[in-house]
Amino acid sequence: MHTLAEGLRLPTNGLDYTILAIYFAVVLGIGFAARASVRTSLDFFLSGRSLPAWVTGLAFVAANLGATEILGMAATGAQYGVAVVHWYWIGAIPAMVFLGLVMMPFYYRSKVRSVPEFLLQRFDKSAHLLSSALFAFAAILIAGVNLYALSIVVEALLGWPQWVAIVVAGLFVLAYITVGGLSSAIYNEVLQFFVILAALIPLVVLGLKRVGGWGALSDDLEAAHGHDYLTAWGGTGIGQANPLGANWLTIILGLGFVLSFGYWTTNFAEVQRALSAKNLSAARRTPLIAAFPKISIVFLVMIPGLVAAALVPRIGTPGSDLTYNDAIPYLMQELLPNGVLGIAVTGLLAAFMAGMAANVSSFNTVFTYDIWSKYVRKDRPDAYYLRFGRLITAIGVLASIGTAFIASSFSNIMGYLQTLFSFFNVPMFVVFVIGMFWKRASVKSGVWGLLAGTTAAMVNYFWIYKQGVVSIPTDQGANFVSAIVGFAAGALVMVVVTLFTAPKPEAELAGLVYGTTAPGIEEPPAEGDGAWYRRPALLGWGAVVLAALCYLPYSL
């Protein structure tokens, strides 16, 4: 991520800092209030599986709505135009619906406490241990991205030294997660969701007012960047050149299928929110409820990016003092009065903390349940794992501070995150989807599929792309290709290994493979779950249709 422009220092005053202080006090208050409900390790790591669907649904979308997404997607909008909608309508919604309708029943009914634990049941310990290690490592890297981005933004906007911003935010996240566990993180994410909206909506409204409305904005941008800048699919024909460096095939397969499904269906930072729901119906509805705000959030990040591109025509070019990542901070400086400015700064900090907390809370669960209790300290009392969970949370926060500096070597934080997803989430997804839909997939194919997919994605990115063996126009385009290569390599290796190794006995696959059911795992529906507006199929397909309709105005 490029350092934000030095001239973006915000004219904050006592009112803005008062709003910020109130927010931090409320965050800690929620943490201590949640402490009363933490009596067992299940309470600490999965909220005792007791939360309603509307809470877990909002937490699901807020966990993804980190400031890296807000700044990164606004930057993507300023750089690529309307093409940013692909990351939402094709790069999120179908996968979120697939998670709710197809995969959550397997996760929830099997009573797993984490995503890697499902691989233990479906395959073997080697696949479980490898996936646990890869996920724990990735979670710390992603938490570090949020901390690094926060430090840059706070230094530029408020004048705080980077180390102060990192330590303050890290300590607050550590405090409320260590005290209240996942419940504290989730309820704070619900609060953070509304704070983030309160920060972004004024930017959209005042930004459109400054440029004369959507019509005037469209005219200015079309004159400066061409018609394709304001369409989702313009210039994406195979062989055509476009700023995104991708064609419709790599967008649909690389982003819309492999990267998207790999992230939303196997990323435990998201799935953990659904697993904390009070019953299977609530767990299935969690990503489906989250899909509807996800559809509309793109406008809150895209429009500020477009407004910034219109107000600063040379933004992101060598002749400008502003990078694409400066879009949101620039509009905050230009448009927001004191008080509203304090809410916007608080919203950015809330977004950073939500992204970091989601990854730290998933890291402590995977490390405690899937590594420590399975391979290091087995069969200890539950109170031991509760204490260890709090300890490893502190270690995870400290490790995140260290990995924050790895992110500094990448010029674009969203590109860095997409690179991580292609390395870690895509190989896990291919193992999940083949294991879930193919009974014959052997016990040993899981670990070899993970190794092959991860290795192939890394080789494609660091050797084929970075060394120029094959010309790919942009990092984002390379990430799409790496995801496709990783998926294909993992799938091929799983098929080959399966042909030469023994499958798992069919009796042990009940409830783990599509079309099978384990006896005794069905639960009666809760009161009210039969209402038509709560039916998962209606919510899921409704979200898919709405996302498809949203494409129409931007496809001409």
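Remark: F24 engages L20, F172, L349, M353 in a side-chain contact (heavy atoms from CB on, under 4.5 Å) (not counting sequence neighbours). Residues passing the ring-ring contact (aromatic ring centres under 6.0 Å, His included) test with Y263, sequence neighbours excluded: F421.
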Please lay out, stage by stage, how F257 and F487 fare under the test ring pair (Phe, Tyr, Trp, His ring centres under 6.0 Å). CA-CA 10 Å; F257 176 59; F487 183 91; 5.3 Å; yes
As a quick check of understanding, evaluate side-chain contact (heavy atoms from CB on, under 4.5 Å) for I251 and T236, giving each step before the final call. CA-CA 9 Å; I251 290 172; T236 61; 4.0 Å; yes
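Remark: F32 CZ is loosely packed, at most 12 non-hydrogen atoms of other residues, nucleotides or ligands lying under 6.0 Å away. Taking a 6.0 Å sphere around CH2 of W541, one finds it holds 12 or fewer heavy atoms contributed by other residues, nucleotides or ligands.
Between H86 and Y80, the side chains place no donor N or O within less than 3.5 Å of an acceptor N or O (distance only, hydrogens not considered). Neither side chain, R535 nor S281, offers a donor N or O lying under 3.5 Å from an acceptor on the other. Donor-acceptor pairing under 3.5 Å is lacking for the side chains of Y88 and S296. In this model, a donor atom of one side chain and an acceptor atom of the other lie less than 3.5 Å apart for Q192 and Y23. A side-chain donor-acceptor contact under 3.5 Å links T56 and T286. Between the side chains of Q272 and S114, not a single donor N or O lies within less than 3.5 Å of an accepting N or O.
Between K294 and E69, at least one side-chain nitrogen of the basic residue sits less than 4.0 Å from a carboxylate oxygen of the acidic one, meeting the salt-bridge criterion.
Counting only heavy atoms from C-beta outward, the side chains of F480 and S422 never approach each other to under 4.5 Å.
For W233 and Y551, the distance between ring centers is under 6.0 angstrom. Aromatic ring centres of F98 and F261: separated by under 6.0 Å.
Sequence neighbours left out, not one pair with a member in residues 424-438 passes side-chain hydrogen bond (donor to acceptor under 3.5 Å, both in side chains).
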